[in-house]
Participant: 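Here it is: the structure, laid out below.
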There are 2 protein chains.
Amino acid sequence: MALEHAILVSLLEKPGSGYELARRFERSIGYFWTATHQQIYRVLKRMEGDGLLAVRALEQQSRPDKKEYSVVGPGRAALSQWLHEPIEPESIRHELAVKIRGAAFDDPSLLIREVERHRQAHSDRLAHYLAGELRDFTGPEAPTPLDAGQELQHVVLRGGIAYERMTIAWLDDVLATLRRLGTPHPRP
Amino acid sequence: MALEHAILVSLLEKPGSGYELARRFERSIGYFWTATHQQIYRVLKRMEGDGLLAVRALEQQSRPDKKEYSVVGPGRAALSQWLHEPIEPESIRHELAVKIRGAAFDDPSLLIREVERHRQAHSDRLAHYLAGELRDFTGPEAPTPLDAGQELQHVVLRGGIAYERMTIAWLDDVLATLRRLGTPHPRP
DNA sequence: TCCTCATATGCAACTCGTTGCATAGCCAAG
DNA sequence: CTTGGCTATGCAACGAGTTGCATATGAGGA
């Protein structure tokens with residue numbers, strides 16, 4: 001249940017409400033873990049029941065009240081324990097790759113538009129990551145020197161950047177392959 | 001439900017039993033989609049019930065009998081329909097990245113062994129992929145010219161290779177960062 | 001002979017994750 | 001003044017995925 005741990009990390013970095021967590025999962029934390037608001041609310045409730053989190057009701061003006069969650073002792077201990085346990089290297093789940101291999105049983109050229117769309121999405125994500133890197137870590141507004149937490153956030157973001165660059169290059173390879181298959185193959 | 005589609009692709013490439021599919025999901029198909037045998041058996045049963053697959057009981061000597069599944073008309077149509085529908089670009093789930101960011105609230109240097117272990121696993125996987133590429137696509141034993149299906153399998157495998165190379169380089173970056181944080185930071 | 005390993009299939013119970021829906025306050029635009 | 005949008009929380013139902021267990025055949029080795 002890595003969602004629990006992702007929530008602990010995020011709340012340790014900064015306490016917040018379920019709604020705010022959901023927004024973070026669309027941005028920074030979401031670079032490497034995703035969750036919908038329903039899932040987050042459900043898990044927050046369970047974690048509070050387990051004594052890992054504390055809640056504080058915050059009354060707000062000009063918007064609905066919210067519940068601010070923060071990590072308490074046992075939550076920190078649970079994170080620490082998890083950090084000491086080994087985890088299995090990730091296994092990939094790439095639906096587009098299934099489609100590409102499936103295209104052999106259909107018309108491969110029909111996939112070109114789809115792959116171009118994915119390339120665009122990854123290209124947008126890369127631009128977003130690079131803007132965040134400049135803003136938070138490498139630009140003139142960024143704090144210097146970075147503390148350990150910021151260094152670690154930065155190296156994770158560099159991973160996201162590397163992933164998007166690799167993916168874009170691969171999708172170009174896929175597009176070239178699909179286009180080559182669409183035209184008659186020249187024989188020597 | 002991409003598992004269904006991954007199974008359709010795999011069975012179109014070659015009919016087989018649940019057990020054989022489970023083995024493929026540890027190898028070639030497993031490069032981009034994973035599944036356990038329990039999941040596979042359950043889904044195969046459902047797909048057969050839905051008329052997407054046909055079964056044939058095969059009696060074997062020196063090992064238990066098996067059921068060989070193959071794709072029939074409606075299954076092929078279901079795959080074709082799915083290929084024509086757009087899918088969302090993948091969202092990443094990277095547990096190790098959660099750990100790295102969480103290490104800020106513990107001792108970062110404790111993660112070094114863990115990251116080294118992951119690096120080794122990815123390195124092994126890369127070697128495995130490269131051996132497969134040589135065997136099936138680029139070596140002297142490989143068929144020439146490749147047909148469309150093989151070209152598409154190859155480009156997916158190139159994606160796996162690119163992913164592993166990128167990941168190894170990133171893990172080296174992570175290790176360098178963890179080691180830097182472990183030693184006192186030199187001030188200008 | 002007994003044990004282990006590989007093949008082969010499956011149930012049951014559980015957790016994780018998604019989708020659709022519902023509610024409610026407040027603001028700004030039309 | 002109604003509509004749409006953003007903040008904020010939540011339920012219910014379902015499907016996806018994991019874990020543990022159970023069963024059976026036959027080969028090979030201790």
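Hydrogens, waters and symmetry mates are skipped; everything else that's a heavy atom, side chains included, is used. Bear in mind that the values here come from a model prediction, so they are computed numbers and not experimental data. In what follows, chains are A, B, ... by sequence order, proteins preceding strands, each numbered from 1.
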Participant: Let me know the distance between CZ of A:R46 and C1' of C:dT15, rounded to the nearest Å.
Facilitator: 8 Å
Participant: Would you tell me whether B:R158 and A:T177 have side-chain atoms, one donor and one acceptor, within less than 3.5 Å of each other?
Facilitator: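 Their side chains do contain a donor-acceptor pair, which is all the 3.5 Å distance test asks for.
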Participant: Quick one: the side chain of A:Q38 and the base of C:dG20, do they pair up donor-acceptor inside 3.5 Å?
Facilitator: yes
Participant: Would you say B:S17 places a side-chain N or O within less than 4.0 Å of OP1 or OP2 belonging to C:dT7?
Facilitator: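 So the side chain of B:S17 is outside the cut-off, no N or O lying under 4.0 Å from OP1 or OP2 of C:dT7.
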Participant: If each of A:R23 and B:A2 is mapped to the nucleotide of DNA chain D with the nearest heavy atom, which maps nearer the 5' terminus, i.e. the 5' end?
Facilitator: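 Its nucleotide being nearer the 5' end, the pick is A:R23.
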Participant: Counting only side-chain nitrogens and oxygens, does A:Y41 get under 4.0 Å of the OP1 or OP2 atom of D:dT9?
Facilitator: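 Affirmative; the distance criterion is met.
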Participant: Choosing from D:dT25, C:dT18, C:dT9, which nucleotide comes nearest the side chain of A:T36?
Facilitator: C:dT18
Participant: Given atom CD of B:E59 and atom P of D:dA24, what is their separation to the nearest angstrom?
Facilitator: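 Going from CD in B:E59 over to P in D:dA24 covers 19 Å.
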Participant: Taking the minimum atom-to-atom distance to the side chain of A:Y19, which one of C:dT18, D:dT7, D:dG17 wins?
Facilitator: D:dT7
Participant: Whole angstroms only, please: what is the CD-P distance between B:E20 and C:dT9?
Facilitator: 8 Å
Participant: Using the rule that two of Ile, Leu, Val, Met, Phe, Trp, Tyr join whenever any of their side-chain heavy atoms come within less than 4.5 Å, decide whether B:Y163 and A:Y31 are in one cluster.
Facilitator: no
Participant: Can you tell me the distance, in whole Å, between the CG atom of B:D50 and the P atom of D:dG15?
Facilitator: 11 Å
Participant: Side chains of A:E116 and A:Q120: do they bring a donor and an acceptor to under 3.5 Å?
Facilitator: no
Participant: Any side-chain N or O of B:R93 under 4.0 Å from OP1/OP2 of C:dG17?
Facilitator: yes
Participant: Can you tell me if A:S70 and A:R56 form a side-chain donor-acceptor pair at under 3.5 Å?
Facilitator: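 Checked: A:S70/A:R56 side chains show no N/O donor-acceptor pair below 3.5 Å.
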Participant: Quick one: A:L3 CG to D:dT18 C1', roughly how many Å, whole number?
Facilitator: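 That distance rounds to 16 Å.
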Participant: When you measure only distances, ignoring hydrogens and angles, does the side chain of A:R42 come within 3.5 Å of the base of C:dG17 through a donor and an acceptor?
Facilitator: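 It does, because a donor-acceptor pair links the side chain of A:R42 to the base of C:dG17 below 3.5 Å.
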Participant: Could you state the atom-to-atom distance from NE2 of A:H37 to P of C:dA24 in whole Å?
Facilitator: 16 Å
Participant: Strictly below 4.0 Å: does A:K45 bring a side-chain N or O up to OP1 or OP2 of D:dG10?
Facilitator: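 Yes, within the criterion.
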Participant: Take A:L96 and A:L171 through the test side chain to side chain contact (heavy atoms under 4.5 Å, CB included) and record every step on the way to the result.
Facilitator: CA-CA 10 Å; A:L96 186 60; A:L171 290 177; 3.7 Å; yes
